Amino acid sequence: MVNVTDGFGSSILGYPRIGPHRELKRALESYWHGSLSRENLLAVGREIQESQFDELAAAGLTQVPGNTFSFYDHVLDNALLFGAVPKRFEPYREGLHPLDFYFLMARGRPDLRPLELVRFFGTNYHYRQPELDADTEFSLHPEALLDEFDRAMARGIELRPVVLGPLSLLLLSKAGQVPGETEFDRLSLLDDLLPVYEELFEILAKRGSTCVQLDEPCFAADRSPAELAAFLTAYQRLSTAPLRPRILVTGQYGDFGEATAILAQTQVEAIGLDLAGHRVRPEELAKIPGIKRKRLYAGVISGTNVWRADRRVTLDYLSALSRVCPDLVVSTGTTLLHVPYDLLVEYDIDGPVADRLAFAKQKVLEVVSLAKALTEGPSDKWHGRPREVHFKQKHAVRQRVYAITPQMREREPYEVRRDAQREKLNLPLVPATTLGSFPQTDAMRQARYDLGEGKLSYDDYRKRVEAEIESTIRLQEDIGLDVLVHGEHERNDMIQYFAELLDGFATTHFGWVQVYGSRCVRPPVLYGDVSRPKPMSVEWTTYAQSLTDKPVKGIVTGPVTMVARSFVRQDQPLYETADQVALAIRDELADLEKAGVSIIQVDEPSIRELLPLRTGTQSREYLRWAVNAFRLATSGVRAQTQIHTHIAYSGRAEIVRAIEELDADVTAIVATRSIEWVLKALAEDTEEGHGLSHGVGPGVYESRSARIPDIDELDELLTAAARALTPERLWANPDGGLKTRHGWQLEPALRNMVAAARRVRRRAESER
C-alpha cells in the first residue's frame with residue numbers, strides 16, 4: 001500500500017484479459033476444438049497475466065490489481081474459488097482436469113446445460129450465474145490466485161488480489177428451489193461463507209499481501225434493509241479478522257449509496273467509489289461519519305466509456321476530495337474490462353474523434369498523470385485552456401428531431417393491426433421462427449475482410465453472400481419454419497454492421513471487448529449527429545424473399561440497443577441521440593416495407609441495460625424515452641406490416657410495463673431458464689395492469705449453448721406458454737441469434753422446436 005506521506009497513490013480496479021491481440025480467444029477456441037494442448041492454453045494464460053502486471057507496474061501505478069485474469073468468466077472463477085459447485089455438476093468432477101470441469105460448467109454439453117448466462121450491471125459483458133441451494137457447502141481453492149501472486153512477487157511486484165465480495169457473490173447467484181417449496185434466502189449462507197473469506201485473508205497475509213480488494217457491485221443498486229444489515233454484519237466481522245491484509249471494498253457501476261456509510265462504521269481501511277459518472281459532492285461525502293479515516297479510491301476515470309477525462313475539471317474535483325479524505329488514491333470507477341486495449345493501434349479513426357478517446361492503456365496513463373499532478377501540482381502543459389473539439393452538427397438531422405410530433409410515435413390500435421396482419425400473413429397457430437443470425441463460415445468472414453481490404457470486388461462479394469442466403473433459406477424450408485430469416489451473413493456484428501453504414505459513428509479495427517468466454521465485439525463510437533445515407537438491409541432481405549413463398553423477416557437493430565452497445569457522445573442528452581438513431585431506423589423500415597417485406601424485427605435486447613440500477617425518477621424517465629425512441633422507429637409502417645422485437649426479460653414490473661408500451665406486435669423474450677416465472681409474470685394481473693397483451697415468443701432453448709433440447713422438453717415449455725398466453729398469441733423461437741452455433745447443433749434443435757410447435761398447434765386446433 002502506498003503511504004500518504006509519499007503523495008497520492010494511483011491504481012485501477014481491473015484490466016482487459018483477452019490479450020492485446022485476442023490471444024486468449026484464439027487459444028480457447030483451439031483448445032475446445034482439440035487443436036491446442038492444455039499445457040499450451042495454460043501457457044497463454046500465464047503470458048497474458050505476466051505481461052499485464054509487468055505493463056501496469058511499468059506505467060507507474062503505485063498499486064497493481066491481481067486475480068483479474070480469467071479463462072472464461074471472473075464470477076464463475078470466484079464461485080469456484082469458494083467451492084460453490086452445483087450438485088448437478090458434482091458427478092462429472094471426478095476424472096476431469098479442473099480446467100475441463102470449469103469449462104463444463106461454463107459451456108455445458110448436449111446432456112448437461114451450463115450455468116445461465118446473465119448480463120453484468122448494464123454492460124455488454126455476461127457472466128455465468130452460480131447456482132446455490134440451502135445445502136451448498138463452501139471451501140477454499142486459492143491455487144490459481146496464489147500462483148499468480150507468487151509469480152508477480154518473484155518479479156518484485158506486489159499484486160492486490162481482486163475477489164468478489166461475499167454479499168455480491170451470493171446476490172449474483174441463482175437460488176435453487178425445491179419443488180413445492182419457496183425459494184430459499186441466499187443470504188442464509190452468509191455465516192457459512194464468511195469463515196472461508198477469513199481463511200483466504202490469513203493465507204494472503206502470511207504470503208506477504210498487504211491489501212485485498214473485495215468488489216461489491218450489487219450495492220450500487222437498491223438493496224433491502226435485510227441486505228444492508230447483512231452487509232454491515234459481514235464487514236464488521238471481516239474487518240476484525242485476526243490476521244488479514246488491509247481491505248479495499250469497491251462499489252462499481254453506480255452510486256454506492258448506503259454502503260459507503262456502512263463501511264465507514266467498520267474497520268475496513270479503504271473504500272472505492274465509482275465517481276466517473278456518479279460524482280459525489282465533497283461536502284456530502286464529508287457528512288458521512290468516519291469517512292475521513294478511510295483511504296478513498298476515487299474512481300474518476302471511467303471504465304465503461306472511451307472518452308478522455310477533462311483533466312483540469314477532474315484535477316479540481318480530486319483536490320476538493322483530498323481535503324475531505326486526505327488518504328486518497330486516484331483510480332478508475334470500474335474495472336477496465338469493458339473498454340478496448342489501446343487507441344494507438346487504430347490507424348483510421350478521424351483525428352478530431354481520436355483526440356477525444358482513451359482506451360485501457362490511455363486510461364492507466366490518465367490515472368497516473370492525475371495522481372502525479374495532485375501530488376506535485378500540474379505541469380506547465382496543464383495550464384491554459386485545453387483545445388476544445390467540436391464536431392460539425394448536421395442541421396437537417398437536428399431539424400428532423402425538433403419536428404418530431406407525438407403522432408409519429410403512434411400506430412393504429414393493436415386489434416386493428418392484428419386483424420390486418422392475420423389476413424395478409426395467414427400464419428398457423430404457434431408459428432415457428434428464429435431471431436435472425438445463422439452460423440457464419442470462415443469463407444464468409446474472409447470474404448468480408450477481403451472486401452474491406454479491396455481484395456474482392458463488391459459484385460463478387462454479393463454473389464458469395466447471396467449463395468449463403470440461398471443455402472440458409474433452403475435449410476429453413478426443409479426444417480419447416482413458418483417465418484424465415486436471411487441469416488445475416490453479411491453482418492460482422494448486429495451493432496457494428498449498422499454503425500458502419502450510419503453517419504455519426506466511428507468503428508475500430510482492433511477495439512475488441514470481451515462479451516463472455518471467447519466471444520468479443522468491437523463497440524462503435526457514436527460521436528456525432530446520426531443519419532442514414534442509404535438503405536442498409538433492403539438488398540439482402542429482398543433477395544432472400546425472392547427465393548421463397550414464406551415470409552422473410554427484415555432484421556434491424558433498435559435505437560436503444562445501438563446506443564446501449566456503443567460508446568456514446570456525452571455532449572447532449574441520451575434521449576436526443578436515441579431519437580436521431582430512431583429516425584434513421586424509421587427510414588430503413590419504410591424502405592423495407594416499400595420493398596414488400598411484411599414482417600420486420602427491430603431488436604431491442606438492451607432496453608434494460610441502460611436502466612438505472614436504483615429505482616425512482618431517473619428510472620421512470622429512462623424508460624419513457626427508451627419506449628418513445630422505439631415507437632418513433634417503428635410507427636411509420638402500415639397496420640398490416642408486423643413489427644417484432646427481441647428483448648431480454650427482467651422481473652422488474654416497470655420493465656414488463658415498458659415491454660407492453662413498446663407496442664410491438666410480437667415480442668421475443670430471452671427467458672429459457674426462467675420461463676415458468678416469466679410466463680406467470682406476463683400473464684397475471686398486477687396492480688399496474690395486465691401483463692403482455694400482444695404476441696409473445698418466450699425463448700424455449702438457449703441459443704448460446706451447445707445443448708440440443710429434445711421434443712418433449714420443448715413441447716412442455718410451449719404447452720405451459722400456451723396455457724399462460726393462449727395459442728393465438730404464442731410464437732416458438734430460440735432465445736437469441738444462432739451465429740455462434742455449429743450446424744450439427746442448430747439443425748436438430750430447430751427441427752425439435754418445429755415438431756414441438758406442431759404438437760401444440762394440433763392440440764389447440766382440436767380443442768377449438
Side-chain angles (χ1 to χ4, degrees), residues 417-439 462-491 535-556 588-603 634 637-646 664-666 668 695 697 700 718 727-734 737-738 743 746-762 764-765:
R417 305 194 317 257
R418 179 193 61 200
D419 294 344
Q421 292 160 16
R422 284 177 178 172
E423 181 177 353
K424 180 173 184 179
L425 297 171
N426 193 30
L427 293 172
L429 287 176
V430 196
T433 188
T434 70
L435 298 185
S437 60
F438 268 62
R462 186 186 68 248
K463 291 175 183 176
R464 296 188 189 187
V465 175
E466 288 177 348
E468 293 288 340
I469 290 174
E470 181 168 9
S471 175
T472 299
I473 291 293
R474 300 300 172 230
L475 174 62
Q476 293 174 90
E477 288 180 323
D478 185 62
I479 288 171
L481 292 167
D482 301 297
V483 174
L484 314 185
V485 297
H486 77 284
E488 302 181 17
H489 300 286
E490 79 286 0
R491 303 183 189 182
M536 303 178 286
S537 63
V538 176
E539 176 182 9
W540 311 116
T541 307
T542 53
Y543 176 74
Q545 187 63 79
S546 73
L547 300 172
T548 181
D549 293 330
K550 290 187 173 183
V552 176
K553 285 192 288 188
I555 310 287
V556 181
E588 184 72 9
L589 267 58
D591 283 340
L592 283 166
E593 186 179 61
K594 288 176 187 176
V597 179
S598 51
I599 302 178
I600 306 173
Q601 179 177 305
V602 181
D603 289 328
T634 57
V637 298
R638 297 187 296 270
Q640 59 264 44
T641 299
Q642 191 172 77
I643 296 295
H644 290 221
T645 192
H646 172 215
D665 299 302
V666 179
V700 290
L718 285 170
E728 289 76 16
R729 294 170 50 212
L730 180 63
W731 285 66
N733 50 259
L738 302 169
L746 172 149
E747 186 172 342
L750 288 181
R751 290 189 186 278
N752 290 350
M753 185 187 76
V754 168
R758 288 175 176 172
R759 282 187 188 177
V760 176
R761 183 183 308 157
R762 286 194 298 270
E765 289 172 343

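The structure displayed is predicted, hence computed values, not measured ones. Starting from 1, each residue takes its place in the sequence as its number. The figures that follow rest on heavy atoms only: side chains count, while hydrogens, waters and symmetry mates do not.
Under the 4.0 Å criterion applied to side-chain N and carboxylate O atoms, Arg474 and Glu477 are assigned as salt-bridge partners. Between Arg751 and Asp478 there is a salt bridge, with a side-chain nitrogen of the basic residue lying less than 4.0 Å from a carboxylate oxygen of the acidic one.
A heavy-atom distance below 4.5 Å is found between the side chains of Met753 and Leu481. By the 4.5 Å heavy-atom criterion applied to side chains, Arg491 and His486 are counted as neighbours.
The backbone N or O of Pro535 lies less than 3.5 Å from no partner atom in the side chain of Asp591, so there is not a single donor-acceptor pair. In this structure, Gln601 contributes its side chain and Leu435 its backbone to a donor-acceptor pair below 3.5 Å. Gln545 places no side-chain N or O within donor-acceptor distance of the main-chain N or O of Val597, the cut-off being under 3.5 Å. Under a 3.5 Å cut-off, the side chain of Thr472 and the backbone N or O of Glu468 do form a donor-acceptor pair. The backbone N or O of Leu547 lies less than 3.5 Å from no partner atom in the side chain of Glu470, so there is not a single donor-acceptor pair.
Shown here for Ile473 and Val552, the closest heavy-atom pair between the two residues is CD1-CG2, 4.2 Å. Here the closest non-hydrogen pair linking Gly480 and Val754 is O-CG1, 3.8 Å. Of all heavy-atom pairs between Gln421 and Thr641, the closest is NE2-O, 3.4 Å. What you find for His646 and Asp603 is that their closest heavy atoms are CB-OD1, 3.2 Å. Shortest non-hydrogen contact noted between Pro551 and Ser598 is CB-OG, 4.4 Å. The shortest heavy-atom contact between Val485 and Gly436 is CG2-O, 3.2 Å.
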Point to revise | Audit row: Glu539, Glu490, side-chain contact (heavy atoms from CB on, under 4.5 Å) steps and yes/no | key: CA-CA 11 Å; Glu539 176 182 9; Glu490 79 286 0; over 6 Å; no
Check your understanding: What do the steps show when you test Arg418 against Arg729 for side-chain contact (heavy atoms from CB on, under 4.5 Å), and what is the final call?
Key -> CA-CA 10 Å; Arg418 179 193 61 200; Arg729 294 170 50 212; over 6 Å; no
Review point. Taking it one step at a time, do Thr548 and Gln476 satisfy side-chain contact (heavy atoms from CB on, under 4.5 Å)?
Key: CA-CA 10 Å; Thr548 181; Gln476 293 174 90; over 6 Å; no
Review point. Please walk me through it: do Leu589 and Ile643 pass side-chain contact (heavy atoms from CB on, under 4.5 Å)?
Key: CA-CA 10 Å; Leu589 267 58; Ile643 296 295; 4.0 Å; yes
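Of the options Thr433, Asp482, Leu429, a side chain to side chain contact (heavy atoms under 4.5 Å, CB included) to Trp731 is made by Thr433 and by none of the others. With respect to Asp665, the side-chain hydrogen bond (donor to acceptor under 3.5 Å, both in side chains) criterion is satisfied by exactly one of Gln642, Arg417, His644: Arg417.
Atom-to-atom distance recorded for Ile555:CD1 and Leu592:CG is 10.0 Å, nearest 0.5 angstrom.
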